[in-house]
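Every chain is numbered from 1, with letters handed out A, B, ... down the list of sequences. Values below: every heavy atom of this structure, side chains too, minus hydrogens, waters and symmetry copies.
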Amino acid sequence: ELKVEQNPLFLSMQEGKNYTIYCNYSTTSDRLYWYRQDPGKSLESLFVLLSNGAVKQEGRLMASLDTKARLSTLHITAAVHDLSATYFCAVDIYQAGTALIFGKGTTLSVSS
Amino acid sequence: DVKVTQSSRYLVKRTGEKVFLECVQDMDHENMFWYRQDPGLGLRLIYFSYDVKMKEKGDIPEGYSVSREKKERFSLILESASTNQTSMYLCASSSIKNIQYFGAGTRLSVL
């Protein structure tokens, strides 16, 4: 059974601090997605990682993919309140942009 | 901008009712998806479709069916709604090998 595990599931951070969210998955895949969801809202695409060693950065967020370790990380640099949201990773199990298997999400709360 | 529109933001239905959730996308995407989202369980795939009149079961298809008569429209049907189907339902679409774009979601309550 394919599993996508995120940790931590809840993260409370102070503004200005750095932290990393981890996404482990149990099957071979070289396509991984990160999404953000604000409370009461839908999911917004953040990053698409398409190969081993891929690294993408947008503002204070940086995502990377290690397909050999079956691990993706989402690194937060100098957190600000606006980053408070739930972050999901999702693995493309058919390598064709079709069905995604999502992790349970990491709820991030950034406070001053 | 890609737009995925779900027909209702909130729905309240009675147990045993037949419920239709509609989703329309305007980007000519081949693939469309229905997920449900529950606290602590994340998103779980119910059904997806990669072409008109084609459908594939996801992880939790029991109690649901789908219809895709036109490329832009994908409907989720609850044949006889039950209280354990109270949830947030999210529709998404994508082109081949591309990211999925999500609708705003429908929060369904079954009483």
Side-chain angles (χ1 to χ4, degrees), chain A residues 1-10 21-27 29-51 54 56 58 63 65 72 85-108, chain B residues 1-10 21 23 25 27-51 54-61 66 68 74 87-107:
Chain A
E1 179 190 350
L2 171 65
K3 290 184 179 178
V4 180
E5 295 183 342
Q6 286 182 238
N7 70 83
L9 297 181
F10 297 95
I21 299 170
Y22 297 89
C23 175
N24 291 91
Y25 55 97
S26 62
T27 192
S29 176
D30 59 2
R31 302 174 69 89
L32 189 135
Y33 304 78
W34 283 95
Y35 286 86
R36 168 181 171 146
Q37 186 179 37
D38 292 299
K41 301 288 182 64
S42 191
L43 276 74
E44 172 190 357
S45 175
L46 290 175
F47 300 110
V48 183
L49 303 169
L50 298 177
S51 61
K56 294 277 184 77
E58 179 77 30
L65 178 62
S72 180
T86 298
Y87 295 86
F88 292 93
C89 65
V91 174
D92 181 346
I93 61 172
Y94 294 124
Q95 313 290 303
T98 54
L100 299 182
I101 304 298
F102 282 79
K104 292 185 178 179
T106 297
T107 299
L108 172 64
Chain B
D1 278 353
V2 174
K3 196 163 185 182
V4 180
T5 303
Q6 294 183 230
S7 54
S8 304
R9 290 299 306 274
Y10 302 94
L21 302 183
C23 177
Q25 51 96 2
M27 285 303 292
D28 201 36
H29 284 167
E30 294 82 6
N31 304 316
M32 295 189 75
F33 310 84
W34 277 105
Y35 295 89
R36 65 177 281 177
Q37 183 176 20
D38 300 288
L41 298 177
L43 276 78
R44 293 178 292 168
L45 181 64
I46 305 171
Y47 270 97
F48 68 99
S49 168
Y50 53 87
D51 201 352
M54 306 301 289
K55 61 183 178 184
E56 293 285 342
K57 293 180 180 179
D59 296 323
I60 51 165
V66 291
R68 194 166 181 201
F74 192 35
S87 186
M88 170 70 89
Y89 290 87
L90 292 168
C91 174
S93 73
S94 73
S95 59
I96 293 172
K97 293 192 175 183
N98 212 329
I99 63 173
Q100 292 187 18
Y101 295 89
F102 284 81
T106 296
R107 189 166 294 279

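The side-chain contact (heavy atoms from CB on, under 4.5 Å) check on A/S26 picks up A/L2, A/K3, with sequence neighbours excluded.
Between B/L45 atom CG and A/L100 atom CG the span is 8.5 Å, to the nearest 0.5 Å. Interatomic distance, CE of B/M88 versus OG of A/S42, reported as 8.0 Å (0.5 Å rounding).
Taking all atoms of both residues into account, the shortest heavy-atom contact from B/I99 to A/Y33 is CG2-CE2, 3.5 Å.
Both the backbone and the side chain of B/L43 have a heavy atom closer than 4.5 Å to some heavy atom of chain A. Proximity to chain B (any heavy atom under 4.5 Å) is restricted, for A/I101, to the side chain, taken from C-beta onward. B/R44 does not touch chain A: none of its heavy atoms, backbone or side chain, sits under 4.5 Å away. For A/Q37, the part lying under 4.5 angstrom from a heavy atom of chain B is the side chain only. B/E56 does not touch chain A: none of its heavy atoms, backbone or side chain, sits under 4.5 Å away.
Of the candidates B/F102, B/Y35, B/Y101, A/Y35 forms a ring-ring contact (aromatic ring centres under 6.0 Å, His included) with just one, namely B/F102.
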